Amino acid sequence: DVQLQAFGGGSVQAGGSLRLSCAASGFTFDDYAIGWFRQAPGKEREFVACISWSGGFRLFSDSVKGRFTISRDNAKNTVYLQMNSLKPDDTAVYYCAADRGTVGGRDPTRYRYWGQGTQVTVSS
């Protein structure tokens, strides 16, 4: 069975850091780009970042650029989202997803597999 498991969320104060992990199984992990999305209460799901199959291409939303980084370890079937300088606006449920292709992108409809989310709460 295909599984994507996001974990590492929690509650932090503004300015703090968290590292999210996305562990995958059940498919050929290094054939897929991986993306992170988030959804805050009452808002639509929004793109956060993605990384290509090799890690050579990375894309970030304007709202997190310069604060978040994304990396992957294909030997461990895991993608990481390092979140620094967190703001209350970053509060959301964070989801990881596997792209149908190898590059990734902002459009959530291109992602084939989705994991359950992990809650991130940033207090002011």
Side-chain angles (χ1 to χ4, degrees):
D1 291 347
V2 171
Q3 287 193 347
L4 283 169
Q5 179 66 49
F7 56 94
S11 297
V12 296
Q13 291 191 326
S17 297
L18 283 173
R19 187 175 82 155
L20 305 184
S21 299
C22 174
S25 62
F27 62 99
T28 306
F29 182 71
D30 54 8
D31 279 351
Y32 288 76
I34 301 295
W36 284 96
F37 291 78
R38 66 187 182 186
Q39 188 166 20
K43 296 186 177 180
E44 293 187 354
R45 188 170 297 189
E46 67 168 340
F47 170 78
V48 176
C50 66
I51 186 167
S52 65
W53 71 277
S54 66
F57 174 77
R58 305 172 195 199
L59 184 66
F60 297 91
S61 68
D62 288 345
S63 61
V64 307
K65 194 177 298 182
R67 300 187 296 122
F68 291 12
T69 60
I70 189 170
S71 61
R72 67 189 294 159
D73 184 341
N74 286 345
K76 296 182 178 180
N77 285 8
T78 302
V79 168
Y80 305 98
L81 184 70
Q82 177 66 43
M83 307 186 296
N84 298 326
S85 303
L86 283 161
K87 305 175 181 180
D89 284 349
D90 295 318
T91 295
V93 177
Y94 284 70
Y95 300 88
C96 60
D99 191 354
R100 301 173 190 273
T102 57
V103 178
R106 302 176 187 273
D107 183 358
T109 64
R110 64 182 297 140
Y111 289 83
R112 180 176 185 180
Y113 304 126
W114 288 82
Q116 293 188 345
T118 185
Q119 176 72 45
V120 172
T121 302
V122 185
S123 58
S124 58

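Everything quoted here is computed from the prediction, not taken from an experiment. Each residue takes its place number in the sequence, starting with 1.
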Legend entry - For the student: nearest non-hydrogen atoms of Asp99 and Tyr111, plus distance: N-CD2, 3.4 Å
Legend entry - Heavy-atom side-chain contact between Pro108 and Phe37 under 4.5 Å: yes
Inset, instruction - Would you check if the side chain of Thr91 reaches a backbone N or O of Val122 as a donor-acceptor pair within less than 3.5 Å? - result: yes
Legend entry - Residues which pass side-chain hydrogen bond (donor to acceptor under 3.5 Å, both in side chains) with Gln116, listed by chain and number, not counting sequence neighbours: none
Inset, instruction - Sort and list the pairs that fulfil ring-ring contact (aromatic ring centres under 6.0 Å, His included) and have at least one residue in residues 75-95, not counting sequence neighbours. - result: none
Inset, instruction - Kindly determine whether Arg72 and Thr78 satisfy side chain to side chain contact (heavy atoms under 4.5 Å, CB included), including the steps that lead there. - result: CA-CA 6 Å; Arg72 67 189 294 159; Thr78 302; over 6 Å; no
Legend entry - Listed partners of Thr109 passing side-chain hydrogen bond (donor to acceptor under 3.5 Å, both in side chains), at least two apart: Asp107
Inset, instruction - Name all residues meeting the side-chain hydrogen bond (donor to acceptor under 3.5 Å, both in side chains) criterion together with Thr121; count only those two or more places apart in sequence or in a different chain, and write none if there are none. - result: Gln119
Legend entry - Residue pairs, two or more places apart or on separate chains, that pass disulfide (SG to SG under 2.5 Å) and touch residues 27-86: none
Please tabulate, one pair per line, all N/O donor-acceptor pairs under 3.5 Å involving side-chain atoms of residues 4-32, not counting sequence neighbours.
{"from": "Ser17", "atom 1": "OG", "to": "Asn84", "atom 2": "OD1", "distance (Å)": "2.9"}
{"from": "Tyr32", "atom 1": "OH", "to": "Arg112", "atom 2": "NH1", "distance (Å)": "3.2"}

Legend entry - Hydrophobic cluster identity match, Val120 and Phe68, side-chain contacts under 4.5 Å: yes
Atom pairs and distances, side-chain donor-acceptor, residues 53-67, under 3.5 Å, sequence neighbours left out:
{"from": "Ser54", "atom 1": "OG", "to": "Gly56", "atom 2": "N", "distance (Å)": "3.2"}
{"from": "Arg58", "atom 1": "NE", "to": "Gly55", "atom 2": "O", "distance (Å)": "3.0"}
{"from": "Arg58", "atom 1": "NH1", "to": "Ile70", "atom 2": "O", "distance (Å)": "2.8"}
{"from": "Arg58", "atom 1": "NH2", "to": "Gly55", "atom 2": "O", "distance (Å)": "3.4"}
{"from": "Ser61", "atom 1": "OG", "to": "Ser63", "atom 2": "OG", "distance (Å)": "3.1"}
{"from": "Asp62", "atom 1": "OD1", "to": "Lys65", "atom 2": "NZ", "distance (Å)": "3.4"}
{"from": "Ser63", "atom 1": "OG", "to": "Arg38", "atom 2": "NH2", "distance (Å)": "3.4"}
{"from": "Arg67", "atom 1": "NH1", "to": "Ser85", "atom 2": "O", "distance (Å)": "2.9"}
{"from": "Arg67", "atom 1": "NH1", "to": "Asp90", "atom 2": "OD2", "distance (Å)": "2.8"}
{"from": "Arg67", "atom 1": "NH2", "to": "Ser63", "atom 2": "O", "distance (Å)": "2.8"}
{"from": "Arg67", "atom 1": "NH2", "to": "Asp90", "atom 2": "OD1", "distance (Å)": "3.0"}
{"from": "Arg67", "atom 1": "NH2", "to": "Asp90", "atom 2": "OD2", "distance (Å)": "3.4"}

Inset, instruction - Please name all residues satisfying side-chain hydrogen bond (donor to acceptor under 3.5 Å, both in side chains) with Arg45, sequence neighbours left out, ordered by chain then number. - result: none
Inset, instruction - Can you measure from OG (Ser123) to CG (Leu86) and round to the nearest 0.5 angstrom? - result: 10.5 Å
Legend entry - Ala33 versus Ser52, closest heavy-atom pair with distance: CB-CA, 4.0 Å
Legend entry - same_hphob_cluster(Tyr113, Leu81) at 4.5 Å side-chain heavy-atom cutoff: yes
